[in-house]
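Some notes on the structure that comes next.
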Amino acid sequence: MRRNASISLLFHSNRINLRSLSSLISPKFISDPSPSYSSPVSASHLNPCTKNHGLFFKFSRFQANPSRNLETLVEKRPQISSRQRKFKEKSELEEAFESANTVDEMVKAFKDMESTFEERDLGLASLKIGLKLEQEDEDPEKILVYATRALKALDKDDNGKPSLPVAMTLQLLGSVNYSLKRFSDSLGYLNRANRILGQLEESGFSAEGIRPVLHAVQLELANVKTAMGRREEALASLRKCLEIKELTLEKDSRELAKANRDLAEAYVAILNFKDALPFCMQALEIHKKQLGHNSVEVAHDRRLLGVIYSGLEEHQKALEQNELSQKVLKNWGLNSDLLRAEIDAANMQIALGRFDEAISTLKDVVQHTEKDSETQAVVFISMGKVLHNQEKFADAKRCLEIATRIFDKKEASSPVEAAEAYSEISMQYESMNEFETAISLLKRSLALLEKLPQEQHSEGSVSARLGWLLLLTGKVHEAIPYLEGAAETLKESFGSKHFGVGYIYNNLGAAYLELERPQSAAQMFAMAKDIMDVSLGPHHADSIEACQNLAKAYGSLESYALAIEFQEQVVDAWEGHGSAAEDELREAQRMLEQLKRKAHGKSKIELSMKALPLPHSSTSSKTLQPDIPSSQKHQ
């Protein structure tokens with residue numbers, strides 16, 4: 001869902017004064033803002049919108065206005081010169097435009113102005129019409145016409161100087177192009193708007209005047225980058241949005257609570273539960289203070305908190321928050337939300353090993369779901385999970401087959417949900433060693449995700465897991481394109497140091513070694529080790545395995561000095577695990593001695609690379625047990 005990328009920014013007047021607006025874009029105004037002018041945007045006018053509108057500005061008049069001074073004359077001249085007549089005509093046309101209440105009235109007045117006003121003033125009027133059209137959710141193509149004309153006029157007039165109206169126009173163009181799914185164009189406009197606002201602030205323009213526009217630009221950037229699958233960059237924009245609101249709003253405002261929850265949800269989407277926790281807690285505290293413990297907003301906060309605690313493997317805490325949420329949802333009669341919360345609870349009970357309770361919960365939920373609905377399918381997926389844990393594999397498979405059939409009919413209407421379901425079901429088949437079925441489901445999931453740019457992060461995760469399963473089943477040549485594609489996709493979404501990228505490089509190293517490409521394998525293992533050391537820590541079990549693989553790769557290249565160096569790191573790391581890793585330590589010591597003998601030409605080295613599965617991940621709140629490295633959750 002698109003976050004609200006708009007703020008209703010009200011100036012002191014309800015009308016636009018083109019002559020006053022013109023002064024906003026002059027270099028003198030920017031470089032030497034006069035204290036006698038009122039601030040272009042007052043921070044006290046930063047208010048939430050309930051709809052997804054663009055920036056809608058109502059501009060204040062400046063006191064110095066020659067047209068109004070004419071009206072104060074006591075005596076009327078017997079004759080009006082041609083120049084005065086023209087001036088009066090322009091004033092009347094401007095007044096008609098300013099007093100227009102509807103879009104149609106504004107457009108009519110604008111057409112009357114076209115033959116009289118300069119293009120700069122028409123650009124400002126075009127901007128106002130575009131903002132009004134977006135406020136009323138009009139056709140984006142229609143908005144685009146006015147926004148484009150506004151930018152052409154204002155850009156030309158400013159001669160490259162930073163200007164608030166130009167930044168506002170660029171924000172509008174970014175918003176419209178986002179609506180039209182022209183994400184690259186949108187990103188270009190928004191990035192330029194962001195640069196202009198930075199230049200304005202550096203030149204001494206009022207920070208309070210810039211903040212509302214900057215907030216709208218950053219929130220739209222978050223929307224666009226999310227749509228492009230660039231989740232880490234979207235998070236950075238959301239953090240800036242929150243910082244702006246913290247500077248502008250009361251510390252306990254409901255809008256600030258919503259901003260905190262939005263940021264928490266964004267962190268959950270990339271499985272970063274540790275960073276999500278404080279923002280969710282802050283949202284909960286504000287909502288409790290403002291709305292009371294029994295409000296719907298508090299219930300939603302608690303449900304999200306339950307998801308976060310599950311991700312951190314604090315399942316008892318998760319269940320406690322879930323139960324508190326359910327009570328409120330039940331009191332308010334929010335049945336669909338309640339059903340989802342009950343499914344969450346069943347997954348938490350499974351994680352706690354309380355299988356009978358989970359079955360009882362799911363049986364109750366399924367009685368309140370529509371036949372062949374998505375909710376019913378999700379219940380069967382969770383039921384399959386609990387039956388699998390009870391080693392009732394035949395019954396588990398029947399539940400998964402039912403869920404698959406339901407989502408097969410939902411692919412067109414709910415492609416994201418279907419893709420998530422296939423991925424979740426695949427994991428269960430994988431755990432039952434039904435690898436071919438698991439691979440088939442992942443391919444179906446990937447086919448859906450490839451058509452959805454905003455799901456690029458999920459596409460990368462599914463592709464990585466598919467590559468690992470193909471590698472595991474000996475289909476090395478088929479695995480490599482999936483792994484290579486996954487590495488690029490996840491780097492784009494999460495950054496080059498994300499732990500998932502490290503797992504993929506490790507598996508690519510194993511694949512290249514299978515194909516007798518030891519130099520390429522060593523490069524992949526080295527990159528995997530670097531990433532895992534940063535993201536998981538050098539003493540995490542998977543980081544140690546990556547280091548072990550690197551030592552083996554250098555051994556196969558007869559680079560024994562390097563191989564011994566990395567194998568010694570492996571031994572040291574396992575020693576740090578104490579008695580819990582005695583077997584791993586003995587094997588590491590054996591490998592070290594073997595390398596030393598090989599370095600002296602006394603034995604033949606044994607090579608066996610270990611591929612690592614990408615940790616189970618899902619951005620769906622339905623999946624509450626993502627099997628991610630524990631250090632990634634807690635560090």
Side-chain angles (χ1 to χ4, degrees), residues 335-351 355 358-452 454-455 458-459 461-466 468-470 473 482 616-627:
N335 295 329
S336 61
D337 288 336
L338 180 60
L339 287 177
R340 286 193 291 269
E342 288 174 337
I343 296 170
D344 290 349
N347 284 313
M348 294 167 189
Q349 288 162 346
I350 294 169
F355 302 133
I359 289 175
S360 176
T361 299
L362 292 169
K363 284 182 176 178
D364 182 64
V365 172
V366 81
Q367 293 177 5
H368 297 90
T369 59
E370 293 181 16
K371 182 176 173 58
D372 291 341
S373 66
E374 289 179 29
T375 304
Q376 188 179 76
V378 172
V379 172
F380 279 114
I381 293 173
S382 294
M383 187 68 80
K385 190 186 302 181
V386 69
L387 290 169
H388 168 258
N389 276 280
Q390 292 180 320
E391 298 185 357
K392 298 177 181 178
F393 301 121
D395 291 338
K397 288 178 186 178
R398 277 195 290 272
C399 288
L400 298 178
E401 287 166 3
I402 293 170
T404 302
R405 283 200 302 270
I406 293 173
F407 275 108
D408 183 50
K409 301 171 186 175
K410 306 290 183 181
E411 286 186 6
S413 59
S414 303
V416 174
E417 290 76 9
E420 289 176 346
Y422 294 153
S423 180
E424 175 70 16
I425 295 167
S426 168
M427 291 178 192
Q428 293 194 44
Y429 277 111
E430 176 192 320
S431 65
M432 291 185 280
N433 294 327
E434 298 276 351
F435 296 123
E436 291 306 318
T437 304
I439 289 170
S440 174
L441 284 163
L442 285 176
K443 287 181 176 179
R444 290 181 68 177
S445 178
L446 190 60
L448 292 171
L449 294 170
E450 285 173 338
K451 300 172 186 175
L452 304 168
Q454 69 273 23
E455 295 300 318
S458 296
E459 177 191 340
S461 297
V462 170
S463 183
R465 193 149 201 94
L466 179 54
W468 175 75
L469 277 177
L470 290 167
T473 53
Y482 288 109
H616 292 196
S617 65
S618 170
T619 58
S620 170
S621 62
K622 304 183 197 84
T623 305
L624 298 178
Q625 302 177 75
D627 180 20

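We number each residue from 1, following the sequence as shown.
Contact annotation: the side chain of Glu417 never approaches that of Lys410 to less than 4.5 Å [non-hydrogen atoms, C-beta and beyond]. Annotation: side chain of Met432 is in contact with side chain of Leu400 (closest heavy-atom distance under 4.5 Å). Phe380 is not listed as a side-chain neighbour of Thr404, based on a closest heavy-atom distance of 4.5 Å or more. Contact check for His368 versus Glu342: no side-chain heavy atoms found under the 4.5 Å cut-off.
The two residues Thr369 and Val366 have their closest heavy-atom pair at OG1-O, 2.8 Å. Of all the heavy atoms in Pro415 and Leu448, the pair that sits closest is O-CD1, 3.8 Å. Of all non-hydrogen atoms in Leu442 and Val462, the two that sit nearest each other are O-CG1, 3.6 Å. Closest approach of Lys385 and Asn389 over heavy atoms only: O-ND2, 2.8 Å. Residues Tyr429 and Glu401 share a closest heavy-atom pair of OH-CG, 3.7 Å. Scanning all heavy atoms of the two residues, the minimum distance from Ala377 to Ala403 falls at O-CB, 3.5 Å.
Residues passing the side-chain hydrogen bond (donor to acceptor under 3.5 Å, both in side chains) test with Gln376, sequence neighbours excluded: none. Every residue meeting the side-chain hydrogen bond (donor to acceptor under 3.5 Å, both in side chains) condition with Ser431, not counting sequence neighbours, appears here in chain and number order: His388.
Results of the side-chain contact (heavy atoms from CB on, under 4.5 Å) test with Lys397 over Gln428, Glu434, Lys392 single out Glu434 as the only residue that passes.
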Worked verdict on Val379 versus Leu339 for side-chain contact (heavy atoms from CB on, under 4.5 Å): CA-CA 10 Å; Val379 172; Leu339 287 177; over 6 Å; no

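Put simply, CD1 on Ile439 and CZ on Arg465 are 11.5 Å apart, with the number rounded to the nearest 0.5 Å. Rounding to the nearest 0.5 Å gives a distance of 13.5 Å between CG of Asp364 and CD1 of Ile359. Rounding to the nearest 0.5 angstrom, the gap separating the CD1 atom in Ile406 from the OG atom in Ser373 is 6.5 Å.
Residue pairs meeting the side-chain hydrogen bond (donor to acceptor under 3.5 Å, both in side chains) criterion with at least one partner in residues 435-450, sequence neighbours excluded, are Asp408-Arg444, Glu411-Arg444, Tyr422-Arg444, Glu436-Lys475, Lys443-Glu478.
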